Amino acid sequence: MEMSPQYNPKETEQSTYDKWLSEGTFSAKVNKGKKPFTIVIPPPNVTGVLHMGHALNDTLQDVLIRYNRIKGRETLWMPGTDHAGIATQNVVEKALAKEGLKKEDIGRDKFVEKLWDWQKEYGSTILNQLKKLGASCDWSRTRFTMDDDYSDAVLDVFVKLYNKGLIYRGNYIINWCPRCKTALSDEESQHRQVDGNLWYIKYPIVTASGENKHIVVATTRPETMLGDTAIAVNPNDERYKWLKGAKITLPIIGRTLRLVEDDQIDPSFGTGLVKVTPAHDPVDFSIGKKFDLEFINIMNDDATMNDNAAEYKGMDRFKARDAIVKCLTEKDLIEKIEKYEVSAGRCYRCDTVIEPRLSLQWFVKMKPLAGPAIQAVVDDKIKFYPDRWKKVYLNWMENIQDWCISRQIWWGHRIPVYYCSKCYDSMSQSSIGIMVSKVRPEKCAACGATEIVQDPDVLDTWFSSWLWPFATFKWPFNKERLGSGYQQAESELKYFYPTDTLTTASEILFFWVARMIMAGYEFMGDIPFKDVVIHGTVRDSKGIKMSKSLGNTIDPLDVIDKFGADALRFSLMLLAASGSDVFLSDEKFLVGRNFCNKIWNAVRFVLSKIENSAVELTDIEPSAYDGTDAWILGKLNSAINDVDKFVQAYRMNDAAKTIYEFFWHDFCDWYLETIKNSFNQTKAKTALRVIVSTMKLAHPIIPFITDKILDIIGDTVVALKPYLSFTDGWPEEIELTDDILDERQSTESLFETIRAIRNIKIDLGLGNKKTGLKVCANNKKLWKKNETWLLALSGSTDIMFADELKRVLYKNELWSLDFSVGELETENFLASLDKKISNLMRVSGQLEKRLRNEGFIKNASKEIVAQEKEKSSQIKDELQRLKELSNAFK
RNA sequence: GGGCGGUUGGCGCAGUGGAAGCGCAUCUCGUUUACACCGAGAGGGUCACAGGUUCGAAUCCUGUACCGCCUACCA
């Protein structure tokens with residue numbers, strides 16, 4: 001078969017992937033004879049397009065899946081997408097805006113219909129892109145968090161938790177995004193320090209004794225003063241004892257404010273007096289509750305001021321701030337303005353500054369759910385890689401807050417709560433007239449009225465994705481919907497759950513990972529996965545996080561187009577040291593491309609040798625190894641062993657590196673070079689064996705080229721065909737007999753000598769010049785046997801054996817050497833020797849000193865002392881040899 | 001404010017107590033018919049700083065500085 005001089009991934013990737021699909025390589029089924037290995041994909045947003053973060057995360061998963069598949073496990077990689085409430089709604093809203101429409105114009109039902117249309121058309125974009133990457137997901141199982149079966153799980157869970165008393169509704173200060181007009185969880189709001197001001201505002205008072213004065217409060221948000229209902233002071237603050245009984249008046253509005261004492265107040269901040277706005281600040285809210293203050297909401301849901309804001313009504317919050325500051329300045333009520341860095345929360349979707357807002361929301365009580373999830377990690381039932389995340393996880397879980405799960409948007413699972421129009425009173429805390437049910441109740445359970453309204457809110461997206469590891473298996477097995485498939489679904493969950501490994505970025509450790517663990521225990525009574533692998537963040541070459549808005553992204557599809565999917569995958573795995581961030585630039589992908597090309601050419605070379613020689617390959621078992629064969633097979637054994645170990649420890653970079661070094665440097669640079677001049681049947685078999693084994697080792701990381709190579713080998717060496725499959729197991733180490741192990745050792749010495757010869761030639765100014773080699777050796781046979789490749793690799797014309805050498809240029813315990821060249825430029829040679837000598841003297845001195853040190857002899861372990869003695873004597877021998885050499889030329 | 005990491009050649013990283021390593025970049029040499037997406041070589045680091053433990057520290061302990069990330073209600 002003709003192979004081009006360069007590997008061209010474009011020619012093969014698509015057809016190879018199609019072959020996998022048609023052969024059903026990725027499909028998983030319950031197979032009691034095999035141990036399952038399961039990964040559920042972190043479902044990308046339906047709106048998503050593949051970025052480097054996905055490429056990294058999903059390659060990692062594919063490596064694990066393919067590795068375990070080769071190892072004979074029944075592997076399932078469950079794919080799917082997440083409906084991503086706000087993100088998706090934003091996309092469709094934008095599309096609508098192009099037609100000059102708002103979602104309110106077409107109404108909820110029509111809008112949701114449009115969302116479904118959108119998801120049907122574009123929802124599988126990212127999944128198709130994953131196929132380009134080579135992802136071996138079982139596509140027949142693709143799930144979506146708003147599938148009927150999945151939605152059933154979400155509602156089921158809501159009802160169960162409600163009935164258990166773990167879901168409640170309450171008034172709360174929540175993070176409100178005035179642009180998305182929805183509540184955001186703490187995790188969805190990102191805090192950022194920005195330059196702001198601290199305004200010191202004077203509030204007029206009349207003291208108990210009738211004196212007209214003013215007090216000063218400091219605030220970063222002057223506009224909220226319109227909603228002030230109190231002034232708070234620390235009870236221990238002596239400076240303000242006189243304030244008791246004073247009448248405090250809120251400027252502009254004229255409202256009388258109460259004075260309350262609370263120890264949350266830090267006397268050292270500002271003036272020690274705080275304006276209290278219970279409806280617009282979380283701390284103030286808690287003070288408001290404690291002292292039963294009035295909650296005055298001054299804003300609309302889009303952060304414009306409302307009826308309670310007097311003349312500022314209708315104004316945007318920031319315009320109102322300016323206006324209020326201007327008005328106060330005119331009235332001489334601003335004492336001073338200080339520069340102050342404030343930490344403002346921002347919407348993680350649109351970056352709008354969040355407004356703390358009082359509203360009625362649904363919550364999940366998290367403390368009861370957290371218990372088992374903490375214990376599982378403490379007991380190492382679930383392990384983190386790298387394990388430092390364990391501490392981070394535990395720290396968060398131990399301080400967990402209740403989870404606000406309602407969202408004021410239209411795209412998502414609608415909250416299964418119904419209100420009776422007759423007997424439900426939204427103002428009362430009573431649950432009369434509230435019905436929680438997966439299906440709409442026909443009439444009110446309390447009064448029997450039939451006018452029933454469903455809660456308009458939908459559930460937080462994470463409230464569906466936290467069920468991902470089991471809801472994707474069609475839990476809770478709705479018999480009506482599943483029909484006869486019911487039992488199969490149940491047995492699949494039983495077989496594949498708990499899943500094995502979850503890989504993710506650290507950003508969603510709390511959003512998602514922690515909650516999946518809680519859901520796993522609450523609904524399955526078991527962990528959702530055993531290992532959590534947390535990889536780093538993808539950054540550009542300057543270390544800045546890649547993001548679309550910064551325009552510093554590298555599109556994985558471009559990389560695939562330019563270098564191939566394998567190049568992308570290999571480079572990513574090589575760079576992604578476990579848990580540390582990945583710095584990327586276009587050049588970084590050259591490593592992967594070059595490596596694939598190296599593989600391609602090594603194979604091309606070996607196959608051409610086989611085709612051009614009379615070698616007939618009848619079986620794959622090599623019989624008559626020589627030293628170089630034994631040497632490379634020994635290296636292969638270690639590579640197999642190491643790759644195995646590294647993949648299991650999730651150290652993909654070490655696995656990739658091992659394969660790279662072994663194949664490139666050991667196999668190509670040494671073994672293939674030696675067989676160029678001594679090709680025979682054993683060599684052909686050995687080379688093929690190494691290639692086939694390496695293809696299997698590398699297949700999880702670079703599936704396309706390795707698959708192609710096995711195809712090509714099968715076509716060229718037809719007898720090998722039955723051995724060339726990725727399903728017949730992981731390569732086995734080859735047992736080597738003792739005498740072969742000895743030959744392996746002498747091969748290593750010969751290689752060492754060749755390196756020395758090359759160095760000496762350069763030092764002697766001989767460069768690449770071919771010279772004769774004079775050898776004085778005990779073991780002439782060894783040199784004779786390997787003569788052809790020794791000549792080629794050392795750049796020699798011939799080898800002459802002598803019993804004694806007048807001049808010695810290289811010497812070790814086995815042989816000494818000289819070149820058949822008359823006069824030599826020995827200056828550089830001597831300098832190089834001297835450098836080696838002085839270096840060894842230094843080390844030798846250190847060792848001597850150590851061995852003379854009584855403390856060392858007394859305290860260090862016997863093995864260490866013996867080891868150091870051995871080292872010392874070796875170095876002395878070496879030193880002796882070098883000194884002799886050097887003296888001979890002086 | 002609290003927590004967790006990091007600091008090793010120009011850059012990116014390995015290295016869990018016994019002679020400082022790897023990849024990229026740099027430099028020199030090479031038209032050796034698998035590969036220039038190649039081969040053979042070379043240079044380059046007092047392992048952030050200060051103490052301590054130890055016969056011995058890049059490695060363990062304490063502190064300092066700087067850099068990240070997460071978390072938090074100083075208005």
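Throughout, protein chains are lettered first and strands after them, A, B, ... in sequence-line order, and every chain is numbered starting at 1. It should be emphasised that the depicted structure is a prediction, and the values quoted were computed from it without experimental measurement.
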- Query: Mind checking who G30(B) pairs with, Watson-Crick or G-U wobble, both distances under 3.5 Å?
  - Reply: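 Check on G30(B): paired to C38(B), both distances under 3.5 Å.
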Distance check needed: [N] [atom2] versus [X] [atom1], whole Å only.
X: L793(A); N: A40(B); atom1: CG; atom2: C1'; result: 11 Å
X: N853(A); N: G18(B); atom1: CG; atom2: C1'; result: 13 Å
X: Y172(A); N: C73(B); atom1: OH; atom2: P; result: 9 Å
X: F510(A); N: C4(B); atom1: CZ; atom2: P; result: 13 Å

Residue-phosphate contact under 4.0 Å: [X] side-chain N/O, [N] OP1/OP2:
X: K598(A); N: G39(B); result: yes
X: N859(A); N: C55(B); result: yes
X: W664(A); N: C38(B); result: no
X: K391(A); N: G5(B); result: yes
X: K676(A); N: G39(B); result: no
X: R850(A); N: G56(B); result: no
X: N759(A); N: A42(B); result: yes

- Task: Measure the spacing between CH2 of W199(A) and CZ of R321(A) and express it to the nearest 0.5 Å.
- Result: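 Those atoms lie 5.0 Å apart.
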- Task: Classify the side chain of E673(A) versus the base of A40(B) as yes if they form a donor-acceptor pair under 3.5 Å and no if they do not.
- Result: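 Under the 3.5 Å cut-off, the side chain and the base do not form any donor-acceptor pair.
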